[in-house]
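As structure tokens, the structure follows; a few thoughts come after it.
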Amino acid sequence: MLELNNIKKGFTNGKSQKLIFNEFNMKINNDDFIIILGNNGSGKSTLLNLIAGFIFPEDGSIHLNGMNIMNQPAYVRSKYMSYIHQIRENNLLSKATLIEIYMLAKDNNIAYFSNRYRSKCKKELIELLGKYNIGMENRIDEQLCNLSGGEHQIFTLILITQLAKKRIESKILLLDEHTAHLDPSSSERVMSFTDKLIKEFNYTAIMVSHSLQLAEEYGNRIIALDHGEIIYDKMFDKPNKLLDRSLLWG
């Protein structure tokens with residue numbers, strides 16, 4: 001379980017300070033797939049950044065399975081959680097090839113130009129991409145920037161989930177509007193693949209979105225934020241739920 005207790009977080013803009021969260025509380029159960037909705041400025045991305053350790057609260061605590069992780073930086077928390085950005089260039093090295101990214105992500109202590117290691121990783125990556133039948137197994141020597149937006153996010157998801165499964169601590173997936181800059185067809189493909197991997201690896205997932213449609217189709221819990229407060233929090237037993245939209249934004 002992930003718990004945020006009495007969180008206070010604000011940002012300074014010139015001489016003024018904007019308070020985002022004040023005595024904010026939230027509990028995230030293991031295996032939750034939460035969709036977080038809200039207007040711009042409601043605190044959605046700030047919440048993910050607090051959980052990931054990119055920013056720190058002025059007060060309160062963050063506990064993961066009883067362990068206080070509030071003062072742990074992002075690189076330490078990466079043992080327990082993975083983060084996918086909406087701006088895909090922030091996820092991986094866009095000028096590197098797929099095989100180079102895989103090699104570095106898998107073990108950056110191995111000699112990078114070892115032909116033996118490269119051949120072994122090529123075989124692994126071809127088999128891995130072929131497993132999901134997404135048409136990338138013949139493109140592992142291409143630069144990541146040559147992939148479409150949807151392909152980029154799918155490769156990021158595969159890389160994170162496949163490598164993180166070896167670390168039993170890593171069970172939380174944070175998704176910051178990772179379909180935001182995709183066309184509708186690509187967005188649906190990425191979301192369907194996201195849902196598949198969350199179920200396959202039994203992740204606890206927290207996804208920020210502006211899309212009511214995605215919230216109706218995916219996840220088992222929907223939370224809406226407004227000015228740093230939870231105004232809607234409901235569990236669902238199955239997808240294709242119909243939201244009472246008036247409860248979200250009146």
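Bear in mind the structure is a predicted one, so any value in this text is a computation, not a measurement. Note that these values count all heavy atoms, side chains included, but never hydrogens, waters or copies made by symmetry.
- I134 approaches L129 most closely through the heavy-atom pair CG1-O, 3.9 Å.
- Across E58 and K9, no two heavy atoms sit closer than the pair OE1-CA, 3.2 Å.
- Through side-chain heavy atoms spaced under 4.5 Å, either directly or across other Ile, Leu, Val, Met, Phe, Trp or Tyr residues, V76 is tied to Y75.
- Between the CD1 atom in I222 and the CD1 atom in I35 there is a gap of 7.0 Å [rounded to 0.5 Å].
- If you chain together hydrophobic residues whose side chains sit under 4.5 Å apart, F11 and I7 fall into the same group.
- Side-chain N or O atoms of E3 include none that pairs as donor or acceptor with a backbone N or O of M26 at under 3.5 Å.
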Discussion item. Using the rule given for side chain to side chain contact (heavy atoms under 4.5 Å, CB included), can you reason through L98 versus F155, listing the C-alpha separation, both sets of side-chain angles and the distance that settles it, and then say yes or no?
Written reply: CA-CA 9 Å; L98 304 193; F155 181 73; 4.0 Å; yes
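- Atoms CG and NZ, from D226 and K44 in turn, are 10.5 Å apart once rounded to the nearest 0.5 Å.
- The main-chain N or O of D183 is never found under 3.5 Å from a side-chain atom of S187 such that the two would form a donor-acceptor pair.
- E127 contributes no side-chain N or O that, together with a main-chain N or O of E124, makes up a donor-acceptor pair within less than 3.5 Å.
- Residues N30 and D32 form no side-chain contact, since every pair of their non-hydrogen atoms from C-beta on lies 4.5 Å or further apart.
- Judged as a ring pair (Phe, Tyr, Trp, His ring centres under 6.0 Å), and not counting sequence neighbours, the contacts of Y132 are F193.
- A distance of 9.5 Å separates CD1 of I28 from CG of L64, quoted to the nearest 0.5 Å.
- Under the salt bridge (charged side-chain N to carboxylate O under 4.0 Å, His left out) criterion, the residue pairs touching residues 227-236 are R221-D233, with sequence neighbours excluded.
- A pairwise comparison of heavy atoms in A96 and E100 identifies CA-OE1, 3.5 Å as the closest pair.
- Between F201 and Y203, the ring-plane angle classifies as perpendicular under the 30° and 60° cut-offs.
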Worksheet item: Can N65 and L2 be said to form a side chain to side chain contact (heavy atoms under 4.5 Å, CB included), step by step?
Response: CA-CA 6 Å; N65 296 328; L2 182 66; over 6 Å; no
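- Applying the salt bridge (charged side-chain N to carboxylate O under 4.0 Å, His left out) test to residues at least two apart or on different chains, the pairs with a partner in residues 139-148 are K122-D141, R139-E142, R139-E151.
- To the nearest 0.5 Å, the span separating CG on L214 from OG1 on T179 amounts to 5.0 Å.
- Between C121 and K123, every side-chain heavy-atom pair lies at or beyond the 4.5 Å cut-off.
- Looking at every heavy atom in both residues, M70 comes nearest to R77 through O-NH2, 2.8 Å.
- Residues satisfying the side chain to side chain contact (heavy atoms under 4.5 Å, CB included) test with A180, not counting sequence neighbours, are Q86, E177.
- A side-chain donor-acceptor contact under 3.5 Å links T156 to the backbone of H152.
- Side chain of N25 to main chain of N6: a donor-acceptor pair is present (N/O by atom type, distance under 3.5 Å, no hydrogens or angles).
- Connection of M207 to M235 is not established within any shared hydrophobic cluster, with ILVMFWY side chains joined at heavy-atom distances below 4.5 Å, either directly or through further cluster members.
- Of all heavy-atom pairs between I140 and T97, the closest is O-CB, 3.8 Å.
- Between the CD1 atom of I55 and the CG atom of N49 there is a distance of 5.0 Å, given to the nearest 0.5 Å.
- With sequence neighbours excluded, the residues satisfying side chain to side chain contact (heavy atoms under 4.5 Å, CB included) with N22 are K8, L19.
- Scored by the ring pair (Phe, Tyr, Trp, His ring centres under 6.0 Å) test, F33 finds no partners at all (sequence neighbours excluded).
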Discussion item. Does L173 form a side chain to side chain contact (heavy atoms under 4.5 Å, CB included) with T204? I'd like the steps, not just the answer.
Written reply: CA-CA 6 Å; L173 186 61; T204 299; over 6 Å; no
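- Residues forming a side chain to side chain contact (heavy atoms under 4.5 Å, CB included) with N202 (at least two apart in sequence, or on another chain): D31, K171.
- Under a 3.5 Å cut-off, the side chain of N39 and the backbone N or O of S42 do not form any donor-acceptor pair.
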Item to complete: Carefully, step by step, assess F21 and L4 under the rule side chain to side chain contact (heavy atoms under 4.5 Å, CB included).
Response: CA-CA 11 Å; F21 293 114; L4 289 83; over 6 Å; no
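- Scored by the side chain to side chain contact (heavy atoms under 4.5 Å, CB included) test, L174 finds L48, I51, A52, M81, Y83, I172, I206 as partners (sequence neighbours excluded).
- Scored by the salt bridge (charged side-chain N to carboxylate O under 4.0 Å, His left out) test, E137 finds no partners at all (sequence neighbours excluded).
- Taking R189 as the reference, nothing meets the salt bridge (charged side-chain N to carboxylate O under 4.0 Å, His left out) condition, with sequence neighbours excluded.
- For the pair I230 and L225, the minimum side-chain heavy-atom distance is below 4.5 Å.
- Rounding to the nearest 0.5 angstrom, the gap separating the OG atom in S211 from the OH atom in Y218 is 10.0 Å.
- Under the salt bridge (charged side-chain N to carboxylate O under 4.0 Å, His left out) criterion, the residue pairs touching residues 192-206 are K131-E200, D195-K199, with sequence neighbours excluded.
- Heavy atoms only, all atoms of each residue included: S45 and D176 are closest at OG-OD1, 3.1 Å.
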